[in-house]
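In what follows, every chain begins at residue 1, and chains take the letters A, B, ... in the order their sequences are listed.
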Number of protein chains: 2
Amino acid sequence: MRLTTKDKILDVAEALFAEHGFNDTSLRTITSKAGVNLASVNYHFGDKKTLVRAVLNRYLEAFMPAVQDALITLNLNHTYTMSDVFESLREPLRALGDIRPNGTSRFMLLIGRGYTDVQGHLRWFITTRYQETLSLFTQSVLKANPNLTQETLFWRLHFTLGTCVFTMASSQALMEIAENDYEKQMDAKYIVDQLIPYLAAGVAA
Amino acid sequence: MRLTTKDKILDVAEALFAEHGFNDTSLRTITSKAGVNLASVNYHFGDKKTLVRAVLNRYLEAFMPAVQDALITLNLNHTYTMSDVFESLREPLRALGDIRPNGTSRFMLLIGRGYTDVQGHLRWFITTRYQETLSLFTQSVLKANPNLTQETLFWRLHFTLGTCVFTMASSQALMEIAENDYEKQMDAKYIVDQLIPYLAAGVAA
DNA sequence: GTCTATATTAAGATAGAC
DNA sequence: GTCTATCTTAATATAGAC
């Protein structure tokens, strides 16, 4: 057998959580689709909350250090633009596609679910464990446009998160429509290309 | 007795749906908090899906015609800016606060929940019933910036929808965080003030 | 580690008396 | 229209054999 039970659970849970949300994905659905026993979730993870965190953490532990590195490199410059800040996210996001098929959109979906589902424990987990990187990002945005107040910045970054989450959630449908209408091959990279200037413009406005 | 059983159910359901989402609010919680019998939901509304649509429709039937009117008025002008288009949404949104206390944020929350919870029936209900208004909005955006290609417009309007939906869905949590951090009283009007320039900048970029 | 079987809780919905 | 009582289903979680 190629995959351990633990990994089978993680892979299937990830797909289902991304598609239906955490609360609307039952352990029964996960285990039956993964071809493992219902009780194995509790054996390997203890409870559902811990499974949720484990799924998200496979991405976070790849993504966050990559962002951290990119931002540190960016900050070797004395000045930079808002576009430069958002460009720093491009490669770390793309690289998630190397970890797992559709890794980029999966990750963005899961993050969004963590905010919109009732998952206080998840928000707490992310912001406390990766506080250093998150605050380096905000500092960089602020350095790119020092006229932004802390408060305006707070709101615009959340708007940005919303844009990403929703886009990735509907990316499959959107790409199909766009491919039909504009007869052009679409992929996750293409969407990110459309996204980055839009986000930079909104945040810098 | 001032309120009918039906209205008591609608009022309580609205508050609970907005706060906890549709799937995480049980009929038992609604009826006990409303002081009515559990079976009365099924008597008056048939099932939970219909109750959900009834709650949202009290707002939609006020909001959509107001947007329609505002856009028709806007289009009496030969030219207008992207800001003008998004400004057209401001008064219809504000006016929801006259229908019911906190009407604006309630409505925004419910719409957001309709997109992020698994509520396909709700998305279908909105887009089919109010298609005319929705398409008038797209036409107006295009008139505000005729340089946008169909393709760019396509993507940016979806980004915009994502920003709105996500913001609405998490507005309660965001307001609480912001109130703590910036010691300022937040309300729906304040969020709309933050949102409109961000959206206009991103779409026009 | 994995399985069956089951405990426990809570949900939506309805039947039928009043 | 309203109520009690109940049906049916499905969720998380765990005990205990293998």
Side-chain angles (χ1 to χ4, degrees), chain A residues 1-58 110 113-114 116-122 124-125, chain B residues 1-57 110 113-114 116-125:
Chain A
M1 195 192 306
R2 220 177 88 265
L3 288 171
T4 64
T5 296
K6 199 170 174 174
D7 285 331
K8 280 195 247 174
I9 292 171
L10 283 170
D11 286 347
V12 170
E14 174 187 311
L16 292 172
F17 286 158
E19 189 175 1
H20 301 114
F22 301 112
N23 294 339
D24 293 326
T25 303
S26 71
L27 299 182
R28 277 178 169 76
T29 310
I30 294 169
T31 50
S32 74
K33 194 160 181 182
V36 304
N37 189 272
L38 170 61
S40 59
V41 169
N42 281 81
Y43 176 79
H44 286 287
F45 296 95
D47 60 11
K48 192 179 175 182
K49 269 188 169 79
T50 311
L51 171 61
V52 165
R53 284 200 291 270
V55 164
L56 199 60
N57 205 45
R58 292 201 298 180
L110 293 168
R113 300 269 184 210
T116 54
D117 293 8
V118 185
Q119 301 287 341
H121 68 101
L122 205 48
W124 175 88
F125 174 72
Chain B
M1 194 194 305
R2 220 176 87 267
L3 288 172
T4 64
T5 295
K6 199 168 174 177
D7 284 332
K8 279 196 248 177
I9 293 171
L10 283 169
D11 287 346
V12 171
E14 175 188 311
L16 292 171
F17 285 158
E19 188 174 3
H20 301 114
F22 301 111
N23 293 338
D24 292 328
T25 302
S26 72
L27 298 182
R28 280 176 169 75
T29 310
I30 293 169
T31 50
S32 74
K33 195 160 179 181
V36 303
N37 189 273
L38 170 61
S40 59
V41 169
N42 280 82
Y43 176 78
H44 286 287
F45 297 95
D47 60 9
K48 191 181 177 181
K49 270 187 167 80
T50 310
L51 172 61
V52 165
R53 283 199 291 269
V55 164
L56 200 60
N57 206 43
L110 293 169
R113 301 263 184 218
T116 54
D117 292 8
V118 184
Q119 301 289 339
H121 68 101
L122 205 46
R123 248 189 321 269
W124 175 88
F125 174 72

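To the nearest angstrom, P of C/dG12 lies 10 Å from CG of B/D24. If you measure from atom OH of A/Y43 to atom C1' of D/dG16, you get 14 Å, rounded to the nearest angstrom. D/dT4 atom P lies 13 Å from atom CZ of B/R28, rounded to whole Å. Whole-Å rounding puts the B/F45 CZ to C/dA13 P distance at 13 Å. A/F22 places its CZ atom 18 Å from the C1' atom of D/dA11, with the value rounded to the nearest Å. At whole-Å resolution of the value, CG in B/L27 and P in C/dA13 are 6 Å apart. Rounding to whole angstrom units, CG of residue A/L3 and P of C/dG1 are separated by 15 Å. Between the CG atom of B/N42 and the P atom of D/dC7 there is a distance of 17 Å, given to the nearest Å.
Side-chain nitrogen and oxygen atoms of A/S26 include at least one within less than 4.0 Å of the OP1 or OP2 phosphate oxygen of D/dA11. Between B/T5 and D/dT2 there is a side-chain polar atom (N or O) within less than 4.0 angstrom of OP1 or OP2. For A/N37, no side-chain nitrogen or oxygen approaches OP1 or OP2 of C/dG1 to under 4.0 Å.
Each of A/T29 and A/A39 was assigned the nucleotide of DNA chain D with the nearest heavy atom; the assignment lying further toward the 5' end belongs to A/T29.
Judged by distance alone, the side chains of B/N37 and B/S40 never bring a donor and an acceptor atom under 3.5 Å apart. If you check the side chains of B/N23 and A/N23, you find no donor sitting under 3.5 Å from an acceptor.
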TODO: Verify side chain to side chain donor-acceptor pair (under 3.5 Å) between B/D47 and B/N42, making sure each step is shown before the conclusion.
DONE: CA-CA 5 Å; B/D47 60 9; B/N42 280 82; over 6 Å; no
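Among the atoms of the strands shown, only primed sugar atoms or phosphate atoms (P, OP1, OP2) are found under 4.0 Å from some heavy atom of B/T25.
Each of C/dT2, D/dA15, D/dA13 was ranked by its minimum atom distance to the side chain of A/K48; first place goes to D/dA13.
A cation-pi contact, defined as under 6.0 Å to the ring centre and within 45° of the axis, links A/K6 to A/F45.
Side-chain contact between A/F125 and A/L56 is absent, with no heavy atoms from C-beta onward closer than 4.5 Å.
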